[in-house]
Amino acid sequence: MVNSEWLTGMTRGSAGNVDSRRWQASILPPLLVFVVVLAVWELGVRIFQPPTFLLPAPSEISRTFFANFTELWTYGFNTFREAVAGFALGCGLGILVAIVVARSEVLSSVLLPFAVASNSVPIVAMAPLAIVWFGIDEGSKIAIVAVMCFFPTMVSMVRGLRTPSPAQVSLMRSYAANEWQIFRKLRWPAAMPFLFNAFKICATLSMIGAIVAEFFGGSVKFLGVYIKTEANILRTQNAWAAIIVACILGLSFYFAIVLLERKLMPWFTEEN
Amino acid sequence: MRDASLVARIPTQWLRWGVALLLIALALFLWEGSKTFFNLPDYKLPHLAQIGEAFVRPTPQGPVWRVLLQDTLYTGLEAFLGFVLGGISGFLLAALFVHWKPAERGLMPYVVASQAVPIIALAPMIVVGVGRLGAPPWLSKAIIATYLTFFPVTINATRGLKSVDRDALWLMHSYAATRQQIFRKLRVPASLPYLFTALKISATASVIGAIIGELPVGSKRGIGVQIVVGSQYNTFNPGFLWATIIMAALLGMLFYGVVALVERRALHWKQE
Amino acid sequence: MSHIIEFDQVWKIFGAGESETIALQNVDLTVETGEFVSIIGPSGCGKSTLLRLIADLLPPSKGDIRVNGKTPRQARLDRDYGMVFQAPTLYEWRTVLKNVELPLEVMRSAREDKRGRAVKMLDLVGLSDFQNHYPRQLSGGMQQRVSIARALVFEPTLILMDEPFGALDEFTRERLNLELLDIWAETHKTVIFVTHSISEAVFLSSRVVVMTPRPGKIARIIDIDLSYPRNFETRESDRFFELVTEVRETLKEEFTRGEIDD
Ligand SMILES: Nc1ncnc2c1ncn2[C@@H]1O[C@H](COP(=O)(O)OP(=O)(O)OP(=O)(O)O)[C@@H](O)[C@H]1O
Ligand SMILES: [Mg+2]
């Protein structure tokens with residue numbers, strides 16, 4: 001920012017009209033795009049009449065969405081449950097392992113590169129194995145989601161727990177703080193922003209993981225299987241409606257994490 | 001200076017490799033150990049030798065490893081095509097965003113939202129739709145890989161292109177530089193670290209996308225097809241499923257590794 | 001044209017309404033070709049703003065500015081000035097040599113001799129051995145010397161420097177001051193030099209412009225009648241101390257007056 005503003009104590013920005021300007025700058029343009037895209041889509045489909053399996057009209061999708069409302073949301077929450085369970089399991093384990101690993105400098109510096117490298121492995125491709133191990137139902141999906149969430153959480157958490165500098169730690173020691181106090185008062189708070197970053201990534205990952213794992217097989221009462229079968233029998237409008245459900249659930253999960261973050265760490269305001 | 005850092009680095013490098021070997025040895029030991037100890041059936045956990053044997057088994061098209069390699073390369077090409085297309089189009093959109101504010105205002109929210117939403121769920125519809133149109137089978141997979149790459153690249157490239165500080169920009173103005181010069185000589189190089197972060201994420205995502213695209217019935221080639229085949233015949237040939245998954249994992253790591261290597265080359269001016 | 005810079009009742013006002021800041025108030029200033037003029041004043045008084053107006057990086061709110069007899073915009077388009085920022089502002093992906101070549105690349109001038117001129121400039125600032133280093137491999141002082149070489153390489157008639165040595169230790173700063181005077185003597189440029197340091201201003205300049213705290217006005221212009229070339233002995237001469245005291249007294253007077261006004 002401009003160099004010495006905060007030093008000279010100059011205040012800027014008039015308080016009035018912030019809302020209306022915000023509206024014009026950040027809400028109106030995307031809304032406009034939304035309306036235009038939807039209109040063009042609808043009109044395009046009406047005029048050119050592509051086969052429904054290729055591109056159903058928005059009106060068609062919304063009709064299906066409401067016609068199959070209960071069905072879609074039941075499937076949606078079935079999948080969502082898997083996602084949340086896998087998220088809890090994977091993130092929980094990630095945190096526990098990180099707490100152990102982060103205690104040792106050598107251990108974390110040696111293990112972290114492997115944990116990071118595991119990002120490059122297409123973990124969802126292991127879904128058939130998970131099915132062999134945990135059955136075709138929820139178990140295998142939860143396992144895949146848990147594995148997908150484990151690594152990012154562990155990596156972020158180790159990094160977070162290790163942010164306090166040795167000087168800060170010795171300062172705590174000089175207060176005669178014990179290990180537990182150092183953990184509670186220094187390392188844990190320092191790791192919170194990292195942890196929530198990982199949570200946000202994992203919230204999305206868990207929905208992706210659950211749906212994609214379902215592509216490999218499972219009961220029809222789940223979103224992934226439903227999308228796949230409906231697409232296969234060319235009832236694409238049903239698949240689109242299911243995707244809307246998936247998007248709403250994905251965004252809700254994400255924003256639930258953001259809300260939790262705001263509540264638990266009000267001092268940590270996001271820059272982006 | 002350079003020599004000193006090199007010498008200082010060798011032991012940690014060796015340590016890493018040592019630990020890697022140790023971890024692999026430990027994993028193999030645990031593998032066979034737990035198989036005996038828990039008396040796990042072959043379809044759940046085959047002997048390591050069975051996986052090796054699955055690789056060398058002969059087929060009419062040659063040994064299995066060669067067939068798998070061909071399928072992996074096929075998937076790799078689909079993913080690579082999408083990766084390149086998505087990367088280029090994402091960067092171009094970012095360039096548009098930087099030079100034309102309304103485009104960014106209207107579209108960026110959706111690009112960002114795409115990251116919190118399981119867009120990969122569109123994959124079955126794309127495969128079925130594009131397949132119905134009579135397009136070559138690799139096209140739908142490449143399209144999936146394209147959009148999975150496109151969004152993260154757009155976000156990070158936009159951030160990167162905007163990451164130039166005021167003085168760096170003013171320096172260019174003081175030379176009466178053209179917009180094009182500012183873009184080429186300042187914005188693009190400044191954006192590279194951000195771009196590569198996205199490319200590393202996208203490298204794996206495009207492999208996953210291509211594999212997922214191969215799941216729907218009717219696909220004939222690719223490692224995704226082999227994974228499905230492997231899961232179907234798991235009881236008869238328990239090593240084969242593992243072999244296919246190992247190939248998929250290797251493909252993911254190869255993609256990531258190549259991008260990471262190019263990054264190191266391109267960003268050698270950055271501090272390690 | 002011997003007036004290289006002319007400010008005629010120039011105002012610069014940032015913002016509007018409640019948040020309005022008068023950065024420069026009614027500034028009149030004339031600089032002759034070949035002069036070394038320092039601008040000194042308390043933080044936030046508008047020194048950087050003044051430089052940015054000359055450089056056409058900001059437009060004035062009122063008044064008229066001439067640079068080389070032209071509008072600042074025309075002077076910028078004609079590449080009449082070179083700017084040295086408070087931070088070195090090197091492009092970290094370019095080697096030292098490539099950084100110095102940057103303006104020549106952008107201006108597409110003298111293509112054949114790009115390398116040669118950049119090398120010569122690096123010689124001038126004593127960095128020929130570091131041509132192929134990257135900025136991160138240099139110390140702060142070395143980086144600032146690269147940025148000076150970069151400002152000189154396309155031979156502008158005017159050099160604008162915004163606290164170029166502000167972040168350096170006293171020792172390095174004094175050495176670079178001497179180097180800068182050498183370069184100035186050798187190249188016959190006009191230099192406008194913003195600084196916080198009274199002794200630096202007096203040591204370098206032919207004139208020192210003292211500014212008042214916000215709103216920035218010119219309080220006084222003090223002629224520095226020490227003979228060039230200057231060296232370490234200059235700093236120990238009685239006249240040097242007298243002039244330093246004079247500048248300090250002027251600053252102090254303005255500062256207390258500003259406080260009473262508020
Ligand atoms: N872009 C801007 N928008 C609003 N106010 C600004 C802007 N740039 C500068 N100002 C204000 O104008 C005044 C003068 O700023 P300027 O940067 O010229 O001061 P300065 O004398 O260079 O200070 P310093 O010695 O700390 O660098 C300050 O009050 C500052 O807050
Ligand atoms: Mg300043």
Side-chain angles (χ1 to χ4, degrees), chain A residues 2 25-26 28-34 36 51 53-55 106 109-111 113-114 117 119-129 131-133 200 203-204 207-208 210-212 215-217 223-224 227-232 234 236 239-240 242-243 246-247 249-251 253-255 272, chain B residues 12 15-16 19-20 23 43-45 102 104-110 113 115-125 127-130 132-133 159 166 200-201 203-204 207-208 211-212 215-218 223-224 227-228 230-231 234 241-242 244-245 248-249 251-257 260:
Chain A
V2 178
S26 68
L28 199 60
L31 206 67
L32 215 69
V33 169
F34 184 74
V36 169
F53 72 81
L54 202 61
L55 194 68
V106 182
S109 73
V110 166
L111 284 184
F114 294 105
N119 272 334
S120 66
V121 175
I123 292 172
V124 279
M126 296 179 183
L129 276 178
I131 291 175
V132 170
W133 276 76
K200 280 185 251 176
T204 316
M207 270 312 272
I208 291 175
I211 291 176
V212 173
F215 285 167
F216 284 87
L223 273 189
I227 291 172
K228 195 180 153 196
T229 36
E230 294 301 297
N232 257 334
L234 303 184
T236 315
W240 275 99
I243 282 179
C247 288
L249 287 170
L251 280 175
F253 198 0
Y254 183 86
F255 280 113
N272 294 326
Chain B
T12 39
L15 196 67
R16 293 254 158 87
V19 169
L23 280 177
Y43 77 91
K44 273 200 173 167
L45 197 70
E104 185 190 359
R105 290 229 176 105
L107 296 177
M108 195 55 157
Y110 296 104
Q115 294 309 98
V117 147
I119 46 174
I120 199 174
L122 288 169
M125 275 179 286
V127 176
V128 174
V130 174
R132 277 266 156 170
L133 288 177
R159 258 185 217 152
R166 191 192 55 183
K200 279 191 287 188
I201 296 168
T204 316
V207 171
I208 293 175
I211 293 176
I212 299 308
L215 295 184
V217 280
I223 193 66
I227 291 175
V228 173
S231 63
N234 190 41
L241 177 58
W242 281 94
T244 58
I245 285 171
L251 183 63
M253 294 201 283
L254 177 75
F255 261 60
Y256 185 91

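Order of the sequence lines fixes the chain letters, A, B, ..., with proteins taken first and strands second; residue numbering starts at 1 for each chain. The model shown is predicted, which means the values in this text are computed figures rather than measured ones.
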TODO: Sequence neighbours left out, what passes ring pair (Phe, Tyr, Trp, His ring centres under 6.0 Å) with A/Phe215? Give chain and number order.
DONE: none
Open item on the list: Below 4.5 Å, heavy-atom pairs only: which of B/Val19, B/Val130, B/Thr244, B/Val127 has the largest tally toward chain A?
Closed with: B/Val19
TODO: Please round to the nearest 0.5 Å and tell me the distance separating atom CD1 of A/Ile227 and atom CE of B/Met125.
DONE: 6.0 Å
- [ ] Answer with side chain, backbone, both or neither: which region of B/Ala249 has an atom nearer than 4.5 Å to a non-hydrogen atom of chain A?
- [x] both
Open item on the list: Counting only non-hydrogen atoms closer than 4.5 Å, does A/Phe34 touch chain B with its backbone (N, CA, C, O), its side chain (CB onward), both, or neither?
Closed with: both
TODO: With a 4.5 angstrom heavy-atom cut-off, could you sort out which part of B/Leu133 is near chain A: side chain, backbone, both or neither?
DONE: side chain
TODO: Give the minimum heavy-atom separation between B/Ala113 and A/Leu251, together with the two atoms involved.
DONE: O-CD2, 4.5 Å
Task: Side chain, backbone, both or neither of B/Leu122 within contact of chain A (heavy atoms, under 4.5 Å) - done: both
- [ ] Examine whether an atom of A/Val124 lies under 4.5 Å from a heavy atom of chain B, and if so say whether it belongs to the side chain, the backbone or both; otherwise answer neither.
- [x] side chain
Task: Nearest-0.5 Å distance, CD1 of residue A/Ile243 to CD1 of residue B/Ile120 - done: 11.0 Å
- [ ] Measure the CZ-CG distance between B/Arg132 and A/Leu54 for me, rounded to the nearest 0.5 Å.
- [x] 11.0 Å
Open item on the list: Tell me which of these, B/Ile211, B/Ile227, B/Val228, has more heavy-atom pairs under 4.5 Å with chain A than the rest.
Closed with: B/Ile227
TODO: Counting only heavy atoms closer than 4.5 Å, note whether B/Ala260 contacts chain A via side chain, backbone, both or neither.
DONE: neither
- [ ] Considering only heavy atoms and a distance below 4.5 Å, find which of A/Ala242, A/Ala117, A/Ala125 pairs most often with chain B.
- [x] A/Ala125
- [ ] Can you see which heavy atom on A/Cys247 is nearest to which on B/Val117, and at what distance?
- [x] SG-CG1, 3.1 Å
Task: Which atoms of A/Ala239 approach chain B - backbone, side chain, both or neither, heavy atom under 4.5 Å - done: both
TODO: Locate the shortest heavy-atom distance separating A/Met207 from B/Pro118; write the atom from each residue and the value.
DONE: CB-CG, 4.3 Å
- [ ] Answer with side chain, backbone, both or neither: which region of A/Leu55 has an atom nearer than 4.5 Å to a non-hydrogen atom of chain B?
- [x] neither
Open item on the list: Tell me which of these, A/Asn232, A/Thr204, A/Leu234, A/Ile208, has more heavy-atom pairs under 4.5 Å with chain B than the rest.
Closed with: A/Thr204
Task: Structural part of A/Asn119 lying under 4.5 Å from a heavy atom of chain B - done: backbone
- [ ] Kindly write out the residues that satisfy side-chain contact (heavy atoms from CB on, under 4.5 Å) with A/Val33, not counting sequence neighbours, or none if the list is empty.
- [x] A/Val37, B/Leu107, B/Tyr110
- [ ] Could you point out which residue of B/Ile208, B/Ile223, B/Ile245, B/Ile212 forms a side chain to side chain contact (heavy atoms under 4.5 Å, CB included) with A/Pro122?
- [x] B/Ile208
Task: Top contributor to chain B interface from A/Val121, A/Thr236, A/Val132, A/Ile211 [non-hydrogen pairs under 4.5 Å] - done: A/Val132
Task: Spacing of A/Ser120 atom OG and B/Ile201 atom CD1 [to the nearest 0.5 Å] - done: 12.5 Å
Open item on the list: Would you say that B/Leu45 contacts A/Trp133 through its side chain, given a criterion of any heavy-atom pair below 4.5 Å between the two side chains?
Closed with: yes
Open item on the list: B/Leu215 vs A/Val212, test: side-chain contact (heavy atoms from CB on, under 4.5 Å). Steps then yes/no.
Closed with: CA-CA 10 Å; B/Leu215 295 184; A/Val212 173; 5.5 Å; no
Open item on the list: Please classify the contact of A/Ile131 with chain B as side chain, backbone, both or neither, using a heavy-atom distance under 4.5 Å.
Closed with: neither
Open item on the list: Once rounded to the nearest 0.5 Å, what's the spacing between atom CG of B/Leu241 and atom CG of A/Leu129?
Closed with: 4.5 Å
